[in-house]
Amino acid sequence: MPTIHHHIATLQETLKPLRQQQSIALVPTMGNLHQGHLELVRLARQHADIVVVSIFVNPTQFGVGEDFDSYPRTLDEDIAKLTSIGVDYVFAPSISEIYPVLPPPTLVMAGAIATQLCGQSRPTHFDGVGIVVAKLFNIIQPDSAIFGQKDYQQLAIIKQLVRDLSYPIEIIGAPIVRADDGLALSSRNQYLTDNERQIAPSLQAQLKLLASQLMEAKPEQKVFESLIAKTKKHMTEIGFDVDYLEVKTAELTDLSDIHLASDSSNTKSQQLVILVAARLGRARLLDNQLLTIKSTPQ
Ligand code: PAF
């Protein structure tokens with residue numbers, strides 16, 4: 001069973017002598033752990049001697065009217081799952097332990113990368129993620145930290161945070177874990193009704209279809225926009241309320257004719273990512289799909 005710490009000071013006292021000899025990996029979570037989280041832990045194990053999992057439903061990353069109050073809190077079940085896969089420490093602090101003053105007057109803002117995509121409908125979300133992750137990094141001082149690629153924008157923001165604030169931490173992105181029918185695992189999937197759960201996997205199916213269409217299409221902005229619009233319309237017909245469906249470079253910069261044209265003038269390939277956020281009933285589902293546009297010389 002992992003040792004559970006609720007306080008920063010005791011966790012730090014415990015980790016201090018250990019870090020002389022052993023490497024530490026952090027898996028930050030908001031709890032309600034599923035198979036996707038357990039994969040993050042397995043990856044952490046491969047990278048470090050000691051695995052710390054933090055469980056903290058972070059109030060600053062929820063907007064007004066979002067599901068902070070109803071977000072599932074299942075600490076006992078989470079600890080049982082972590083015991084079964086061998087985690088060393090769980091850090092489960094209270095809100096006041098993390099935030100002596102709430103909202104915290106000190107901000108960690110990520111700029112343009114955070115105002116697009118999810119940042120459009122959740123304008124304060126990534127500021128909350130930024131401050132809590134910065135605090136967890138400072139508290140635990142891990143050698144590596146593992147984040148899921150399902151939250152693609154979050155992962156990109158964390159990599160930027162580590163670069164810009166010079167954290168000596170390796171950030172490891174873990175592949176998306178899916179149910180057998182393709183639905184990306186998420187704690188929020190439990191908000192789906194039985195009927196919605198049947199529909200939900202078509203989000204990934206549509207992403208895969210769009211990816212194959214983009215790979216075959218002429219790499220032109222107009223052509224791409226039309227394929228994206230068709231997919232969005234189709235998703236809406238299926239029953240999704242699409243928040244966004246966008247294609248970006250893998251670094252989350254905008255696609256432009258320059259990107260696409262410069263690519264088509266040589267044999268280089270370009271990695272792109274399709275990102276979607278869509279509501280289905282009470283659940284807001286996120287997914288993404290990487291693709292490589294290969295172009296032939298003209
Ligand atoms: O991805 C999450 O669960 C959260 O955003 C994180 C990284 C644990 C910060 O609260």
Side-chain angles (χ1 to χ4, degrees), residues 1-12 14-15 18 24-62 66-99 125 128-129 131-142 144-151 154-155 158 171-180 183-192 197 282-286:
M1 184 169 166
T3 310
I4 322 291
H5 284 275
H6 297 288
H7 298 286
I8 297 171
T10 56
L11 177 66
Q12 287 187 323
T14 307
L15 293 179
L18 301 178
I24 300 174
L26 167 66
V27 181
T29 80
M30 297 207 300
N32 195 236
L33 304 180
H34 52 64
Q35 203 52 42
H37 295 110
L38 302 187
E39 286 305 318
L40 303 183
V41 172
R42 284 200 190 95
L43 206 55
R45 257 283 156 249
Q46 290 167 18
H47 279 81
D49 306 311
I50 296 170
V51 176
V52 182
V53 174
S54 64
I55 297 181
F56 179 63
V57 183
N58 173 34
T60 62
Q61 69 188 76
F62 289 79
E66 291 187 355
D67 56 345
F68 174 70
D69 290 334
S70 58
Y71 197 87
R73 289 157 173 88
T74 51
L75 188 59
D76 292 346
E77 288 96 317
D78 292 346
I79 290 168
K81 287 178 189 161
L82 295 176
T83 303
S84 72
I85 57 163
V87 161
D88 303 290
Y89 299 100
V90 169
F91 178 47
S94 64
I95 292 179
S96 60
E97 184 74 7
I98 292 292
Y99 295 115
H125 172 65
V129 171
I131 190 146
V132 82
V133 170
K135 291 194 63 129
L136 291 168
F137 285 175
N138 291 332
I139 293 164
I140 293 152
Q141 296 170 38
S144 54
I146 329 292
F147 294 84
Q149 283 168 0
K150 182 176 77 69
D151 298 308
Q154 170 172 280
L155 177 59
I158 304 297
I171 300 301
I172 297 156
I176 300 178
V177 180
R178 299 182 182 279
D180 289 345
L183 178 64
L185 297 191
S186 161
S187 301
R188 289 186 168 107
N189 291 351
Q190 60 194 270
Y191 298 155
L192 297 168
R197 180 62 189 79
R282 263 187 76 211
R284 184 170 178 275
L285 306 176
L286 291 185

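Bear in mind that the values here come from a model prediction, so they are computed numbers and not experimental data. Numbers here simply count residues along the sequence, with the first being 1. Below, all heavy atoms of this structure are taken into account, side chains as well, without hydrogens, waters or symmetry copies.
- Nearest heavy-atom pair, A44 versus V27, reported as atom, atom and distance to 0.1 Å: CB-CG2, 3.7 Å.
- The cationic atom of R282 (NZ for Lys, CZ for Arg) does not lie both less than 6.0 Å from the six-membered ring centre of Y71 and within 45° of the ring axis.
- Atom CD1 of residue I85 and atom NE2 of residue H37 lie 11.0 Å apart, to the nearest 0.5 angstrom.
- The backbone N or O of L33 sits less than 3.5 Å from a side-chain atom of K81, completing a donor-acceptor pair.
- Contact detail for I55 and P93: the closest heavy-atom pair is O-CD, 3.7 Å.
- The minimum heavy-atom distance linking I171 with I158 is given by the pair CD1-CG2, 3.9 Å.
- The minimum heavy-atom distance linking Q141 with Q12 is given by the pair NE2-NE2, 4.5 Å.
- The two residues Q149 and I176 make their nearest non-hydrogen contact at C-CG1, 4.0 Å.
- P142 places none of its side-chain heavy atoms less than 4.5 Å from the side chain of V52.
- The distance from atom NE2 of H34 to atom CG of D78, rounded to the nearest 0.5 Å, is 10.0 Å.
- For the pair I79 and M1, the minimum side-chain heavy-atom distance is below 4.5 Å.
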* Asked: Where do M30 and S187 land on the side-chain contact (heavy atoms from CB on, under 4.5 Å) test, with the steps shown first?
  -> CA-CA 9 Å; M30 297 207 300; S187 301; over 6 Å; no
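- Looking only at side-chain heavy atoms (C-beta outward), R178 and L185 stay at 4.5 Å or farther from each other.
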* **Candidate pair T60 and Y99, rule side chain to side chain donor-acceptor pair (under 3.5 Å), full reasoning** => CA-CA 9 Å; T60 62; Y99 295 115; 2.8 Å; yes
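- Within the 3.5 Å criterion, the main-chain N or O of D151 finds no donor-acceptor partner in the side chain of Q154.
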Under the side-chain contact (heavy atoms from CB on, under 4.5 Å) criterion, do I146 and L26 qualify, and how do the steps go?
CA-CA 6 Å; I146 329 292; L26 167 66; over 6 Å; no
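- Using modelled atom types, one side-chain atom of R45 and one backbone atom of D49 make a donor-acceptor pair closer than 3.5 Å.
- Distance alone, capped at 3.5 Å, is enough to place a donor-acceptor pair between the K135 side chain and the I98 backbone.
- The backbone N or O of A92 sits less than 3.5 Å from a side-chain atom of H6, completing a donor-acceptor pair.
- Side chains of F56 and T29 form no contact here, defined as non-hydrogen atoms less than 4.5 Å apart.
- Side-chain contact between V57 and F62: present, with at least one pair of heavy atoms (C-beta onward) separated by less than 4.5 Å.
- With hydrogens and angles disregarded, no donor-acceptor distance shorter than 3.5 Å links the side chain of E39 to the backbone of A174.
- The line from CG of N189 to CZ of R197 is 6.5 Å long, rounded to the nearest 0.5 Å.
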Test side-chain contact (heavy atoms from CB on, under 4.5 Å) on Y191 and D67 and set out the steps.
CA-CA 11 Å; Y191 298 155; D67 56 345; 2.9 Å; yes
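- Residues A283 and L192 share a closest heavy-atom pair of CB-CD2, 3.7 Å.
- For the pairing with V51, the side-chain contact (heavy atoms from CB on, under 4.5 Å) check across L43, V90, D88 returns one residue only, D88.
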Would you please test T14 and Y89 for side-chain contact (heavy atoms from CB on, under 4.5 Å) and show each step? CA-CA 10 Å; T14 307; Y89 299 100; 3.6 Å; yes
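- Side-chain contact, E77 with N32: no donor N or O sits under 3.5 Å from an acceptor N or O.
- With contacts defined as side-chain heavy-atom distances shorter than 4.5 Å, the pair I8/E97 qualifies.
- Between the H5 side chain and the H7 main chain, no donor and acceptor come within less than 3.5 Å of each other.
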